[in-house]
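So that the names make sense, note that chain A is the first sequence line, chain B the second, and so on, each numbered from 1. The structure displayed is predicted, hence computed values, not measured ones.
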Amino acid sequence: MIRFYNTLSGKVEPFVPLEPGIVKLYTCGPTVYDFSHIGNWRAYVFEDLLKRFLLFSGIKVSHVMNITDVDDKTINGAHAKGISLEEYTRPFIEAFEKDRDTLGILPADHYPRATGHIREMVDIIKLLLEKGFAYRKDGSIYFAIDKFPAYGRLAKIHLEDLRPGSRGDADEYEKENVHDFALWKAPKEGEPVWETEIGPGRPGWHVECSAMSSKYLGRTFDIHCGGVDNIFPHHENEIAQSEAANGVKFVNYWLHCHHLVVDGEKMAKSKGNFYTLRDVLDRGYDPREVRFLLLSTHYRKMLNFTFDALEQARAGRNRIRDFSFDLRDVKRDGPANPEVTQLIETARAGLIAGLEDDLNISESLAALFGLIKSANRLLAQGSASRADAGNLADFVAMIDENILGINPTDVPLRVDPAKMRSTVSDVAIKVESSGDLDLEIQKRIDARQKARAEKNFKMADEIRKELLDSGILLEDTKDGVRWKKVGPART
RNA sequence: GGCGCGGUACCCAAGCGGCUAAGGGAGAGGUCUGCAAAACCUUUAUUCGUCGGUUCGAGUCCGACCCGCGCCUCCA
């Protein structure tokens, strides 16, 4: 039984999809006025975990993520550069897609863009005008929230408790009620304009999600995700628009992930603690280490991003990685040890139990680490055969491919050390290529082995150091030397 | 002011009424090793922000208080 915390009810509830075996999922995507920062990625990684777990549970997922490519920021950005909105947003959309892949996030089925769905938005606005939920004022159209009694239910906000906006409406549009929000904004100097049935102008921010979600997922769908900061007003407004227009419930389950802060403080460019994914990778971290960090704190808990935490994530991921790696060295023949089989089943059950409980990843990881510890013990005392090692490796790989996505078997390293400073996804480990680099490393290892055999430990250590400096760590085992990639030392 | 979140070992982090308080990192000692590394073994919370209360029994429920943080129309 899968259970999720539903913001709407404020409780953990059993999850029951509208249609058995299929989940319709809408997740708030990026506003493409800049590179996504690690806080955005925290949300996307959480959503990826959610989606992967649903898929793993045998449920089909129909996933839609919007791309907001028209709003105040994109308009201002394009205007400042003197280029079109499309020209301005394109590189950020491309960067988003690249970074998403770098982090091992499964792509959604649809990435509808706001600018491509003006017609659908207009349709909703027309409906709202007809039904009396919206009104025109000076060329703009607003949603009248006092016409929608359920307003505030998601955010648990009562209108009378809201502080009147003291800083006023930046756009200087006139509204009947300060809490009303724009569905359609009147044409303005320097802004893109669409000529539509409801008049010229451009869409407000919230309406795109109502329009695009209903187009791709239907008027009522299962899960809507986003960051906690979207609860109010964005998601509250979406509910109002959609339910007022369609007359049916909009979303059954609202899942919101908490913020990521940096060094205990909210990220802000002015504080100098603002990081994009690229900023972090530039420091020499593997994207999957970043993913592991973002993944390993429960989504409803604030995540404090620090480089120390990233180091810890690296170490934790390395433990899984080293375990996978060690399994390759098991040479003993023989039948599978029932004890190992049992350990795997226990771990599987623990992993699933954790995720079923509102994506309690800590419990799941504890189950995985528990398996690693127990299996290592059996391995060390020679009670596990090659068959066991194979089963263990398969299990870890299966869990990683389906759930974690941290790619623990990225070893052996085939990465050009120079590329480790790269800013983009070229950093991603290319596992089965670069035979030349392999050969080069093997030659150095052979040279070191020769030196060791001659008791020339000085030279042996020099070669080891030299390889380490280029990201190759050597380990001497009973069965010979093995090597693996390590991240550059922390700077 | 309204709504909400968090305070568990050196760090991160589960547990949310009942066996000896998961797990990861870091540290210490040991095994292995030419030395490292990895792995294994041992070890690190009579205690869960503080003070009261409920209970046979409380990090776990209730109340008050002290810290830290978020949202209240830019924001994942």
Side chain of [X] only, heavy atoms from C-beta on: which candidate in [options] is closest?
{"X": "A:Arg319", "options": "B:rG24, B:rA14, B:rC69", "value": "B:rG24"}
{"X": "A:Arg377", "options": "B:rG15, B:rC40, B:rU73", "value": "B:rC40"}
{"X": "A:Met302", "options": "B:rC69, B:rC35, B:rA14", "value": "B:rC69"}

| task | Return yes if the base of B:rA36 and the side-chain atoms of A:Arg464 contain a donor-acceptor N/O pair under 3.5 Å, otherwise no. | result |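 In this structure, the two groups form a donor-acceptor pair.
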
| Does a distance-only test, which skips hydrogens and angles, find a donor-acceptor pair under 3.5 Å between the side chain of A:Arg300 and the base of B:rG70? |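 When only heavy-atom distances are counted, A:Arg300 does not reach the base of B:rG70 through any donor-acceptor pair under 3.5 Å.
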
| task | In sequence, state the C-alpha distance, the side-chain angles, and the governing distance for A:Tyr253 and A:His224, and then conclude on ring pair (Phe, Tyr, Trp, His ring centres under 6.0 Å). | result | CA-CA 6 Å; A:Tyr253 299 87; A:His224 193 131; over 10 Å; no

| B:rA14 to B:rC5 separation - P atoms, rounded to the nearest Å |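 Here B:rA14 and B:rC5 have their P atoms 15 Å from each other.
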
| task | Take atom P in B:rU46 and the same atom in B:rA37, then report the distance between them in whole Å. | result |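 Per the computed distance, 31 Å lies between those P atoms.
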
| said: With syn defined as a glycosidic angle within 90° of 0 and anti as the rest, where does B:rG7 land? | reply: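 Nucleotide B:rG7 adopts anti.
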
Given that both distances must come in under 3.5 Å, which nucleotide forms a Watson-Crick or G-U wobble pair with [N]?
{"N": "B:rC61", "answer": "B:rG53"}
{"N": "B:rC16", "answer": "none"}
{"N": "B:rG1", "answer": "B:rC72"}
{"N": "B:rC32", "answer": "none"}

| query | According to a strict under-4.0 Å criterion, is A:Lys266 in side-chain N/O contact with OP1 or OP2 of B:rC71? | reply |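 A:Lys266 to B:rC71 OP1/OP2: side-chain N or O found under 4.0 Å.
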
| Can you find a side chain N or O atom of A:Asn360 that sits less than 4.0 Å from OP1 or OP2 on B:rG15? |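 So the side chain of A:Asn360 is within the cut-off, an N or O lying under 4.0 Å from OP1 or OP2 of B:rG15.
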
| task | For A:Asp322, answer base if it contacts any base atom (sugar-phosphate contacts may also be present), sugar-phosphate if it contacts only those atoms, and nothing otherwise; contact means non-hydrogen atoms under 4.0 Å. | result |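 The answer is sugar-phosphate, as A:Asp322 gets under 4.0 Å only of primed atoms, P, OP1 or OP2.
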
| message | For A:His206 and A:Phe181, take the angle between the two ring planes, folded into 0 to 90°, and tell me which bin it lands in: parallel under 30, tilted 30 to 60, perpendicular over 60. | response |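 If you compare the ring of A:His206 with that of A:Phe181, the planes turn out perpendicular.
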
| said: Applying the side-chain contact (heavy atoms from CB on, under 4.5 Å) criterion to A:Phe305, which one of A:Leu293, A:Val261, A:Thr297 satisfies it? | reply: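 For A:Phe305, the side-chain contact (heavy atoms from CB on, under 4.5 Å) check succeeds only for A:Leu293.
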
| message | Is it the case that the side chains of A:Tyr216 and A:Asp109 hold a donor-acceptor pair, with the cut-off being a distance below 3.5 Å and no angle test? | response |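 Distance-only check fails for A:Asp109 and A:Tyr216.
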
| query | Considering heavy-atom distances to RNA chain B, does A:Lys301 or A:Glu475 have its closest nucleotide positioned more toward the 5' end? | reply |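 This one resolves to A:Lys301.
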
| said: Between the base of B:rG23 and the ring of A:Phe369 - centre-to-centre under 5.5 Å, planes within under 30° - is that a stack? | reply: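 The ring of A:Phe369 is not stacked on B:rG23.
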
| To the nearest Å, how far apart are A:Glu363 CD and B:rA22 P? |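 Going from A:Glu363 (CD) to B:rA22 (P), I get 14 Å.
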
| query | For the rings on A:Phe96 and A:Tyr44, is their centre-to-centre separation under 6.0 Å? | reply |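 A:Phe96 vs A:Tyr44: aromatic centres under 6.0 Å.
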
